[in-house]
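Read the structure below first, then the notes.
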Amino acid sequence: MDRFLKIAITVLFVGFLAACQQTIKSDVMRFHQLPQPNGEKIMIVPMNPNNTGSLEFANYATLVGNELGRYGYVPADGAEPDLIVELDYGVDEGQQVVRHTGSMMGAMYFGGYYGRFYHPWYMYRYPFYRPMYYGGFYDPFGYYPLGMQSRTRTYVNYNRHLKMVIKPNRNGAQNLYEGEVKSKGRNNNLHEVMPYMVQAFFTNFPGVSGSSERVSVEIPENS
């Protein structure tokens, strides 16, 4: 009986770890009448004027610009742009969650990367060093015999978002694209989560206008 119990616990534990694969789930919504890209020059600017000149904004603008480049758009790089891309982003103050669970816990980490790069997509062009970030959250691992003990966890969930609007560079022009990606999680360090949100944003881009979808992006084990 003891052997059977140990096997059952092991099977349940492996299944639990598989269910808790390190992913970020995002909801992507869009409306658009975006024509097929044809080498249009774009410039990325902040929706919020307070983000003008922000290094954080320049970081996110580069992530988005690199993805748009994969679809055929090119940075204006000081020339008159054909299209203006507006970005906005944020994370709320979070909401406390109290959850009564079983005994097995896990851990999840968010990572980053580093490098020196230019921002050709951004309205300002300059190099800077982006440090490697380590962080995220950590739940201590607890293990108890099955059915012996339960646990109460209290944590904070944060709502994170990224909005993007693409429009012609002329007064009164109608928007060509309006999209937003939202995700919820325990990491409120937006710079750590943003690369995965951008990846979700451009999955199946530009997508079906008026639709929304849930996109799961796996976090690399070494990140």
Side-chain angles (χ1 to χ4, degrees), residues 21-48 51 54-76 81-92 108 110-113 115 117 119-123 130 133 135-136 157-168 174-220 223:
Q21 187 177 20
Q22 297 184 22
T23 60
I24 290 183
K25 296 180 179 179
S26 301
D27 293 312
V28 183
M29 298 150 283
R30 77 280 283 184
F31 292 90
H32 71 88
Q33 47 184 10
L34 200 61
Q36 187 71 20
N38 189 29
E40 290 87 352
K41 297 186 293 293
I42 67 171
M43 181 172 68
I44 302 178
V45 300
M47 289 184 189
N48 185 347
N51 289 329
S54 164
L55 296 179
E56 181 182 17
F57 175 83
N59 191 328
Y60 303 156
T62 297
L63 293 175
V64 170
N66 289 340
E67 291 295 328
L68 288 171
R70 293 176 55 241
Y71 290 90
Y73 299 101
V74 297
D82 302 306
L83 301 173
I84 300 296
V85 179
E86 297 180 339
L87 293 182
D88 191 32
Y89 52 87
V91 57
D92 67 9
M108 181 176 290
F110 290 97
Y113 38 85
F117 56 93
H119 296 281
W121 307 99
Y122 184 41
M123 57 198 300
R130 177 168 57 183
Y133 297 98
N157 257 348
Y158 299 92
N159 293 298
R160 308 163 299 217
H161 75 271
L162 171 68
K163 296 181 180 179
M164 181 173 72
V165 171
I166 302 176
K167 59 185 179 183
Q174 187 175 18
N175 293 344
L176 297 176
Y177 182 94
E178 299 172 0
E180 183 174 16
V181 56
K182 296 180 178 179
S183 72
K184 180 181 292 187
R186 283 176 274 185
N187 191 348
N188 65 339
N189 294 316
L190 201 57
H191 60 269
E192 297 177 358
V193 184
M194 186 60 70
Y196 307 109
M197 293 177 62
V198 171
Q199 184 177 341
F201 210 159
F202 284 91
T203 298
N204 301 324
F205 180 83
V208 178
S209 182
S211 68
S212 63
E213 61 179 319
R214 172 67 61 89
V215 179
S216 297
V217 177
E218 184 175 350
I219 302 172
S223 65

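Bear in mind the structure is a predicted one, so any value in this text is a computation, not a measurement.
- Residues V181 and A200 come closest through the heavy atom pair CG2-CB, 4.5 Å.
- Within the model, atoms CZ of R70 and CZ of F202 stand 9.0 Å from one another, a figure rounded to the nearest 0.5 Å.
- If you take NE2 on H191 and OH on Y89, they are separated by 12.5 Å, rounding to the nearest 0.5 Å.
- Around CZ of F31, the count of heavy atoms belonging to other residues, nucleotides or ligands within 6.0 Å does not exceed 12.
- Side chains of D88 and N48: no donor on one and acceptor on the other come within 3.5 Å.
- S183 contributes atom OG, which lies 9.5 Å from atom CZ of R214 (distance to the nearest 0.5 angstrom).
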Is there a side-chain hydrogen bond (donor to acceptor under 3.5 Å, both in side chains) between N175 and E178? Walk through the geometry before answering. CA-CA 7 Å; N175 293 344; E178 299 172 0; 2.9 Å; yes

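- Looking only at side-chain heavy atoms (C-beta outward), D82 and Y73 stay at 4.5 Å or farther from each other.
- K184 contributes atom NZ, which lies 13.5 Å from atom OH of Y158 (distance to the nearest 0.5 angstrom).
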Intermediate values then yes/no, ring-ring contact (aromatic ring centres under 6.0 Å, His included), Y196 and F201: CA-CA 9 Å; Y196 307 109; F201 210 159; over 10 Å; no

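- Not a single donor-acceptor pair under 3.5 Å links the side chain of E192 to the backbone N or O of L190.
- Taking both residues in full, the closest heavy atoms of S211 and R30 are given as OG-NH1, 3.1 Å, listed atom of the first, atom of the second, then distance.
- Judged by distance alone, the side chains of Q199 and E67 never bring a donor and an acceptor atom under 3.5 Å apart.
- At least one side-chain heavy atom of N204 sits less than 4.5 Å from a side-chain heavy atom of E213.
- Considering every non-hydrogen atom in both L176 and P168, the closest pair reads CG-CD, 3.8 Å.
- Using a 4.5 Å heavy-atom threshold, the side chains of E180 and L162 count as separate.
- In terms of heavy-atom proximity, L87 sits nearest to A61 at CD1-CA, 3.9 Å.
- Residues K25 and V215 have side chains not in contact (no heavy-atom distance under 4.5 Å, counting atoms from C-beta outward).
- Note that CD1 of I166 is 5.0 Å distant from CG of L34, once rounded to the nearest 0.5 Å.
- Ion pairing between K182 and D27 fails under the 4.0 Å rule for side-chain N and carboxylate O.
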List the steps and the verdict of side chain to side chain contact (heavy atoms under 4.5 Å, CB included) for I219 and T23. CA-CA 5 Å; I219 302 172; T23 60; 5.8 Å; no

Please step through side chain to side chain contact (heavy atoms under 4.5 Å, CB included) for the pair I42 and I84, ending with a clear verdict. CA-CA 6 Å; I42 67 171; I84 300 296; over 6 Å; no

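- Under 4.0 Å is where a charged nitrogen must lie from a carboxylate oxygen, and between E86 and K163 no such pair does.
- Proximity of S212 to V28: side-chain heavy atoms (C-beta onward) are nowhere separated by under 4.5 Å.
- In this structure, the side chain of S209 engages the main chain of H32 through a donor-acceptor pair within 3.5 Å.
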Can L68 and V85 be said to form a side chain to side chain contact (heavy atoms under 4.5 Å, CB included), step by step? CA-CA 10 Å; L68 288 171; V85 179; 4.1 Å; yes

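- At a threshold of 4.5 Å between non-hydrogen side-chain atoms, the residues M164 and V64 count as touching.
- A distance of 9.0 Å separates CG in N188 from CZ in R160, rounded to the nearest 0.5 Å.
- With N51 contributing its side chain and P46 its backbone, the two residues share no donor-acceptor pair below 3.5 Å.
- With hydrogens and angles disregarded, no donor-acceptor distance shorter than 3.5 Å links the side chain of N59 to the backbone of L55.
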